[in-house]
Amino acid sequence: MEDNRLDLSFYQSYDTITLAQKLIGCELVHDSPDGTTSGIIVETEAYLCDDPACHAFNRRTARTEPMYGTPGTIYIYLIYGMYQCINVVSNREGVGEAVLIRALQPVLGINLMQQRRLLNRKSAIDQQKPLLVKDLCRGPGKLVQAMGIDRSAHNNHSFTKGPLYINQSVSDDFQIEETMRIGINVGTALPYRFVVKKSAYTSR
DNA sequence: CCGGTGATGTTC
DNA sequence: AACATCACCGGG
């Protein structure tokens, strides 16, 4: 696996909204003990510090502390007791902002992704049901599962070093569509979600 | 649509 | 110490 990872200068060069757009088309990679998995980022959302939907809005606590770190820091949180979501910390140190990665187009380690996703299915019968490639990483909780990412192992680490990183984009051959964010109850009017137009791999 | 599931933040 | 909330997912 070629390591063309984005470095600190990339993460600190853009405001959060621009970073959310720039990350589209880049490849999220995890070199894990079980093998390497990767996928092209096809959907992101920006969370700004003056935005009520942002975890760091008017609060700096143990959970949100990674969001105040250096750009390129990894912020992972637990949601609904059973899923985790991964974010790229943005802006500058001391400002609590981040980009949520919401969907990937799988590239490397597709078998491994399927195994990891099936492990989380309840019954043996559910594990028999087909799991399409396009459904492996279509959603923030799913991609974290498929990529073998875990809060205890990766939260507050950095994408600029270590086994979890983001490769630079190899293609600009797609259009980015801007929409409202998904799954939130406040800040719903802000057009901070970015998806690859007509991609089969984005969430709904 | 609806419920599972547990950490986190807020209020008392 | 209790309570409400939650950047989700899968099964109807």
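Keep in mind that the numbers below use all heavy atoms, side chains included, and drop hydrogens, waters and symmetry copies. By convention in this document, chain letters (A, B, ...) are assigned in the order of the sequence lines, proteins followed by strands, and residues within each chain are numbered from 1.
Contact detail for A:C85 and A:L100: the closest heavy-atom pair is CB-CD1, 3.7 Å. Of all heavy-atom pairs spanning A:M147 and A:H30, the tightest one is O-ND1, 2.7 Å. Nearest approach of A:C26 to A:Q168, heavy atoms of both residues: SG-C, 4.3 Å. Residues A:S158 and A:T160 come closest through the heavy atom pair OG-OG1, 2.7 Å. Shown here for A:G96 and A:C54, the closest heavy-atom pair between the two residues is O-SG, 3.6 Å. Closest of all the heavy-atom pairs between A:Q114 and A:L136 is CG-CD2, 3.6 Å.
When distances run from any side-chain atom of A:C85 to the nucleotides B:dA7, C:dC9, C:dC8, the shortest one goes to C:dC8.
Side-chain N/O atoms of A:D150 and A:S152 include a donor and acceptor closer than 3.5 Å. Looking at A:S199 and A:R138, their side chains never bring a donor and an acceptor atom within 3.5 Å of each other. Side-chain polar atoms of A:D34 and A:S32 form no donor-acceptor pair below 3.5 angstrom. Side-chain N/O atoms of A:S38 and A:E27 include a donor and acceptor closer than 3.5 Å.
Ring pair A:H55/A:Y77: centre-to-centre distance below 6.0 Å.
When rounded to the nearest whole Å, the span between NZ of A:K142 and C1' of C:dG11 equals 12 Å. Per the geometry, CD belonging to A:E65 stands 14 Å off P belonging to B:dT8, to the nearest Å. At whole-Å resolution of the value, OH in A:Y83 and C1' in B:dA7 are 16 Å apart. In this structure, the CE atom of A:M82 is 12 Å from the P atom of C:dG11, given to the nearest Å. What separates CD1 of A:I76 from C1' of B:dA7 is a distance of 15 Å, to the nearest Å.
Stem analysis of DNA chain B (Watson-Crick or G-U pairs, both distances under 3.5 Å, runs of at least three) returns B:1-4 with C:8-11, B:6-11 with C:1-6.
Both stacking criteria are satisfied for A:Y47 over the base of C:dA7: a centre-to-centre distance under 5.5 angstrom and an angle between ring planes under 30 degrees.
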(request) Mind running side chain to side chain contact (heavy atoms under 4.5 Å, CB included) on A:Q12 and A:R92 for me, showing each step along the way? (result) CA-CA 7 Å; A:Q12 62 189 12; A:R92 61 191 132 83; over 6 Å; no
(message) Test side chain to side chain donor-acceptor pair (under 3.5 Å) on A:N156 and A:E65; report intermediate values, then the result.
(response) CA-CA 8 Å; A:N156 207 21; A:E65 190 58 27; over 6 Å; no
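Residues A:E45 and A:V99 have side chains not in contact (no heavy-atom distance under 4.5 Å, counting atoms from C-beta outward). Within the 4.5 Å cutoff, no side-chain heavy atoms of A:R5 are placed close to those of A:V29. The side-chain heavy atoms of A:I86 and A:Y75, taken from C-beta on, include no pair separated by under 4.5 Å.
Taken residue by residue, residues 95-104 of chain A places no heavy atom nearer than 4.0 Å to DNA chain B. Remark: A:G139, A:P140, A:G141 in residues 133-141 of chain A come within less than 4.0 Å of DNA chain C through at least one heavy atom. Using a 4.0 Å cut-off on heavy atoms, none of the residues of residues 193-204 of chain A approach DNA chain C.
Cluster membership check: A:L118 shares its hydrophobic cluster with A:M113, using side-chain heavy-atom separations under 4.5 Å among Ile, Leu, Val, Met, Phe, Trp and Tyr. With hydrophobic clusters built from ILVMFWY side chains whose heavy atoms lie under 4.5 angstrom apart, A:I176 shares a cluster with A:V196. Residues A:V144 and A:L131 share a single hydrophobic cluster, defined by chaining ILVMFWY side chains whose heavy atoms lie under 4.5 Å apart.
Under 3.5 Å, the side chain of A:Y77 and the base of B:dA7 form no donor-acceptor pair of N or O atoms.
Each of A:R117 and A:M67 was matched to the nucleotide of DNA chain C holding its nearest heavy atom; the match closer to the 5' end belongs to A:M67.
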Could you pull out the protein-nucleic contacts involving nucleotides 9-11 of chain B (nitrogen or oxygen on both sides, under 3.5 Å)?
unit_1: B:dG9; atom_1: OP1; unit_2: A:T61; atom_2: OG1; d: 2.3
unit_1: B:dT10; atom_1: OP1; unit_2: A:R59; atom_2: NE; d: 3.4

Please tabulate, one pair per line, each protein N/O and nucleotide N/O from nucleotides 4-6 of chain C that are separated by under 3.5 Å, including the distance.
unit_1: C:dC6; atom_1: OP2; unit_2: A:N185; atom_2: ND2; d: 3.3

